[in-house]
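Written out below as structure tokens is the structure these notes cover.
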Amino acid sequence: GFNVLHPMGWDAFGLPAENAARAQGTHPADWTYGNIDTMRTELKSMGLSIDWSREIATCHPGYYAQQQALFLDFLDAGLVYRSEAWVNWDPVDNTVLANEQVIDGRGWRSGAPVERRKLPQWFFRITAFADELLEALSTLDRWPERVRVMQENWIGRSEGARVRFAIEGRDDALEVFTTRPDTLFGASFCALSPNHPLTAELAGKDAGIAAFVAECNRMGTSEAVIEAAEKKGVDTGLRVKHPLVEGHTLPVYVANFVLMEYGTGAIFACPAHDQRDLEFARRYGLPVIPVVCPPAADAATFAIADEAWTGDGRLINSDFLDGLSVPEAKSAAIDRLEADGGGTREINVRLRDWGVSRQRYWGCPIPVVHCPTCGAVPLRPEDLPVLLPDDADFAQPGNPLAAHPTWKRTTCPSCGGDATRETDTLDTFVDSSWYFARFCSPRAEVPVERAAVDHWLPVDQYVGGIEHAILHLLYSRFFTRAMKRCGHLGLDEPFAGLFTQGMVCHATYKSADGAWLYPDEVTTRDDGSAVHAATGAAVTVGRSEAMSKSRKNVVVPSAIIDSYGADTARLFMLSDSPPERDLEWTESGVDGAWRYVNRLWRLVTEPAVELADIGAAPPEPGDAAIALRRQVHKTIQGVTGDIEGFRFNRAVARIRELTNAVAELDPATPGAGHVMREAVETLVRLANPMAPHVTEELWRRLGHKGWLVSQPWPEADPALLVDESVTVAVQVNGKLRGTLELPRDTGREDAEAEARKLPNVEAALAGKAVRKVIVVPNRIVNLVVG
RNA sequence: GCCCCUGUGGCGGAACCGGUAGACGCGGCAGACUCAAAAUCUGUUCUCCGCAAGGAGGUGGGAGUUCGAGUCUCCCCGGGGGCACCA
């Protein structure tokens, strides 16, 4: 009864296609469209009711041309810029690598040591929306809490102050960001990032500093390296003036633990209350002055040993801050700094602007040209699209677009002179950041038709894996806001409801030579050991993990559908595991679903009781028939609620319970034929979303015309949802001693009296005085004895 | 290190708001049908004591709140995930 848009599309640009092209000599487009055809066929065979008329592929010019138009709009709106940035550079493959593609400091493909390089890159100004993106998380009440928390952490807002330290003998000041202005009186030095501009300036004149910076740049950026790295630095010789203590100066170091990417790239250090600062201070013999006294400590004797105190307490050794709590002192210190011009209140975010340049062929070309006189010039909208050349050479390393002999040659839209195209393509996460909007008008000659998106968006129910919690879901939220700013959309949030489903997992198999094996290459012997089916060689069974092509622990849907049918595959996937949890794929589980589908079939085609004709007047039903009717209607209500709440495993369990009850009905019960028809039809209707094919066939066999899927969803009769009698648990001192069948809503006194009559209860009471009686109507009677 | 989630039979998992723990399924065991097997069907299946009726214990461990705790609180342990030299 709902008007539902349920489309499907392909996020089809990206590295795998390009790597396959390099490895197999196929064109990325051929490889990609071939895979799409295979997957479309498999999805269709599952019977997923997808609207294929809206199918899109992000690698199709019809899609990425509109993405280029959006890029130009964003550029106009100031949401795109070009800037130099440090990147991971693979010197063998001649490309930038994402952080995830750098393993132990080496390129994942080439194995070459990765270099840090500064390159001009295109950025989306996602930080312009940092506050909004954080604030609006609280409005996403149909999102999982943990996804909101993850985004909150990722944005990483922290409140603090920007503090200026005037440099002795110079006109400029060193600016630092701190969240602990309360500890300013405990400052014993300042430290610069090795990549700080001032560091670069000093390194030009000081070989010692230059050598230290070079050493830092050689160090990998991997977690393991950082973890093990010691806090090291070098004194610059510069001295800065303490902003709150007249005449007090602090030394300035370059330190390896200060990041250029966060804050101002420089810090002031209070070793007593920051562990890194403490380690650094101990190494270089710098003062450690406690300024926050823990609640349990004595201010007169409190001293720092090996651990910095980062908790709350009262301020000491801090002039006008003495005696204040940490939050009070933070506020008071900033007030003083603002009054003196020594600093300002500042909020910092961890979120960085989104670097979208990739030195890759198989992605959306960036619609910009580089002109020797005009610089980087965006194309005019009428110049779009910029299409990928079909004849790129994948045999050579590096970016095939840059290496193409003619593609990049063009003229400047501004001056008309010779110019070259931008050869970087967009990060594939850009492609997936607005596709949901494109589905509303998939063939439009503009990125989105406003009327269509106003009608359909936001997405009412989004479904995706938890792995998208930060990247895709944050980028899409940014894109929606950016598109709104450019007039394409009228809303801020793309996804009103989000459900994060689990992954399908399977054990992994490895042969003795370390090669991964597909599950169907492996058989299990009677003794439980696994062997290679063809050779009989021993196989190592690894732990179950998410199915992935690289580990070969995959079972292709078509194989299951071929042997069991789509209904069995669907039913199995829904049966056991709640959808947000990972699903362990086992053959035995599939067998169980297969048995159920067959059982349902037999129940309808060979019923134990002849089903009453549709519309025949029912006789006076027997008790068993009445009870089954009640269960039918409770099942309708339960399954409906379970489906709406994404508890598909519970819904399947309820359907199976009703199936069991139907099978147990005594055929001699008066009215059995009528209740059987109602029960069996209800089963077929409730099972239809899970197993559509067999239930449609059964619907016809039950004598109906037309499609079951077009029938309204069954509705429970409220009169049949309440039982006339209820089972009440009877406890003595909270321990179960028996149960009672009582008429619904039996009074407290009557319930207690009945409870006391139970033989077990009498024995348990055994003359003891009942001190207290708790009666929860229709549920429990608890007799408390002294 | 910080943050979040999670822990229930041999296994996947049920259990609304604190009220009969283990629904439903898988697997196992026993039986029916069969020459036999497969398929199917029936019974049984948390642990211990007991012929039985029944009793005792039991939701990672320990405390607490409560008439009553898988569910709430605190501490600890295990598993998973996120962030991380973030100032």
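Computed from a prediction, not measured in an experiment: that's the story for all the values here. Computed over heavy atoms, backbone and side chain alike; hydrogens, waters and symmetry mates excluded.
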- Message: Give me the distance, rounded to whole Å, that separates G7(B) from C76(B) when you measure between the C1' atoms they each carry.
- Response: 14 Å
- Message: Can you identify which nucleotide, out of C85(B), A21(B), A87(B), has its nearest atom closest to the Leu736(A) side chain?
- Response: A21(B)
- Would you indicate what Arg737(A) reaches in the nucleic acid, counting non-hydrogen atoms under 4.0 angstrom: base, sugar-phosphate, or nothing? sugar-phosphate
- Note on the structure: Here the distance between atom P of C24(B) and atom CZ of Arg599(A), to the nearest Å, is 11 Å
- Anti/syn call for C75(B), syn if |chi| within 90°: anti
- Distance between P atoms of G25(B) and A15(B) (Å, rounded): 16 Å
- What does Asp277(A) touch in the nucleic acid at a heavy-atom separation under 4.0 angstrom: a base, only the sugar-phosphate, or nothing? nothing
- Message: Closest approach to the side chain of Lys231(A), judged atom by atom: which nucleotide of G25(B), C85(B), C86(B) is it?
- Response: C85(B)
- Message: For a quick check, with a 4.0 angstrom heavy-atom cut-off, what is the B/S/- contact string for nucleotides 10-17 of chain B, read 5' to 3'?
- Response: --BSS-B-
- Query: Tyr564(A) vs Trp594(A) aromatic rings, parallel, tilted or perpendicular, using cut-offs 30° and 60°?
  - Reply: perpendicular
- d(Thr682(A) OG1, Ile655(A) CD1) to nearest 0.5 Å is 10.5 Å
- How is Arg595(A) classified with respect to the nucleic acid when contacts are heavy atoms under 4.0 Å: base, sugar-phosphate, or nothing? sugar-phosphate
- Query: Atom CG of Asn256(A) to atom C1' of C85(B): distance rounded to whole Å?
  - Reply: 8 Å
- Task: Could you tell me whether the side chain of Trp309(A) reaches within less than 4.5 Å of the side chain of Ile304(A), counting heavy atoms only?
- Result: yes
- Message: Rounded to whole Å, how long is the line connecting atom CH2 of Trp601(A) with atom C1' of U40(B)?
- Response: 17 Å
- C4(B) OP1/OP2 closer than 4.0 Å to side-chain N/O of Arg148(A): no
- Please work out if Ile470(A) contacts a base, only the sugar-phosphate, or nothing of the nucleic acid, heavy-atom cut-off 4.0 Å. sugar-phosphate
- Phosphate-side-chain proximity, Arg656(A) and A23(B), N/O vs OP1/OP2 below 4.0 Å: no
- Task: Assign the ring pair Trp354(A) / Tyr475(A) to parallel, tilted or perpendicular, where the plane angle (0 to 90°) is split at 30° and 60°.
- Result: parallel
- Name the orientation of the base relative to the sugar in G9(B): syn if the glycosidic angle is within 90° of 0, else anti. syn
- Item | Distance in angstrom units between Leu686(A) CG and C24(B) P, rounded | 17 Å
- Query: Taking atom C1' in both C26(B) and G9(B), what distance in whole Å separates the two?
  - Reply: 13 Å
- Query: Applying a 3.5 Å limit to both distances, which nucleotide forms a Watson-Crick or G-U wobble pair with G7(B)?
  - Reply: C77(B)
- Message: If I take atom CZ in residue Phe257(A) and atom P in nucleotide C85(B), what distance separates them, rounded to the nearest angstrom?
- Response: 13 Å
- Query: Is any side-chain N or O of Arg352(A) closer than 4.0 Å to OP1 or OP2 of C86(B)?
  - Reply: no
- Query: Do we see a donor-acceptor contact under 3.5 Å between the side chains of Thr264(A) and Glu175(A)?
  - Reply: no
- Query: Relative to the ring of Phe189(A), is the ring of Phe280(A) parallel (under 30°), tilted (30 to 60°) or perpendicular (over 60°)?
  - Reply: parallel
- Message: Ignoring hydrogens and geometry beyond distance, is a side-chain donor-acceptor pair present between Arg771(A) and Asn733(A) at under 3.5 Å?
- Response: no
- Task: Decide whether Ser575(A) and Asn649(A) meet the rule of one side-chain donor and one side-chain acceptor closer than 3.5 Å.
- Result: no
- Strand partner of G1(B), provided both Watson-Crick or wobble distances fall under 3.5 Å: C83(B)
- Task: Using the P atoms only, state how far U6(B) lies from U44(B), rounded to an integer number of Å.
- Result: 35 Å
- Message: Between U65(B) and C16(B), how many Å separate the two P atoms, rounded to a whole number?
- Response: 25 Å
- Grab the CZ-P distance between Arg350(A) and C83(B) for me, whole Å please. 8 Å
- Of Arg650(A), Arg654(A), Gln637(A), the one forming a side chain to side chain donor-acceptor pair (under 3.5 Å) with Asp642(A) is Arg654(A)
- Message: Taking only the P atom of each, what is the distance from A63(B) to U71(B) in whole angstrom?
- Response: 14 Å
- Item | Separation of A87(B) C1' from Glu346(A) CD (nearest whole Å) | 12 Å
- Within the structure shown, what part of the strands sits under 4.0 Å from Val773(A) by heavy-atom distance: base, sugar-phosphate, or nothing? nothing
Write down the protein N/O and nucleotide N/O pairs, taken from nucleotides 66-68 of chain B, whose separation is under 3.5 Å; answer none if there are no such pairs.
{"residue": "C67(B)", "atom": "OP1", "partner": "Lys772(A)", "partner atom": "NZ", "Å": "3.4"}
{"residue": "C67(B)", "atom": "O2'", "partner": "Asn782(A)", "partner atom": "ND2", "Å": "3.4"}
{"residue": "C67(B)", "atom": "O2", "partner": "Asn782(A)", "partner atom": "ND2", "Å": "2.5"}

- RNA chain B: Val349(A) or Thr739(A), which has the more 5' nearest nucleotide? Thr739(A)
- Just grab all the salt bridge (charged side-chain N to carboxylate O under 4.0 Å, His left out) pairs involving residues 304-313 of chain A, residues at least two apart or on different chains. none
- Message: At 4.0 Å (heavy atoms only), tell me whether Gly156(A) reaches a base, stays on the sugar-phosphate, or touches nothing.
- Response: nothing
- Distance between the P atoms of U59(B) and A69(B), in whole angstroms? 11 Å
- Query: What distance do Leu574(A) atom CG and Met690(A) atom CE have between them, rounded to the nearest 0.5 Å?
  - Reply: 6.0 Å
- Message: Going by purine N1 to pyrimidine N3 plus the second Watson-Crick contact, or the G-U wobble pair, all under 3.5 Å, which nucleotide sits opposite C29(B)?
- Response: G43(B)
- Message: If I pick the P atom on C77(B) and the same atom on G31(B), what distance separates them, to the nearest angstrom?
- Response: 50 Å
- Query: Nearest of G19(B), A87(B), G57(B) to any side-chain atom of Val776(A)?
  - Reply: G19(B)
- Note on the structure: Phe648(A) atom CZ is separated from A23(B) atom P, nearest whole Å, by 23 Å
- Leu473(A) and Gln151(A), any side-chain heavy atoms less than 4.5 Å apart: yes
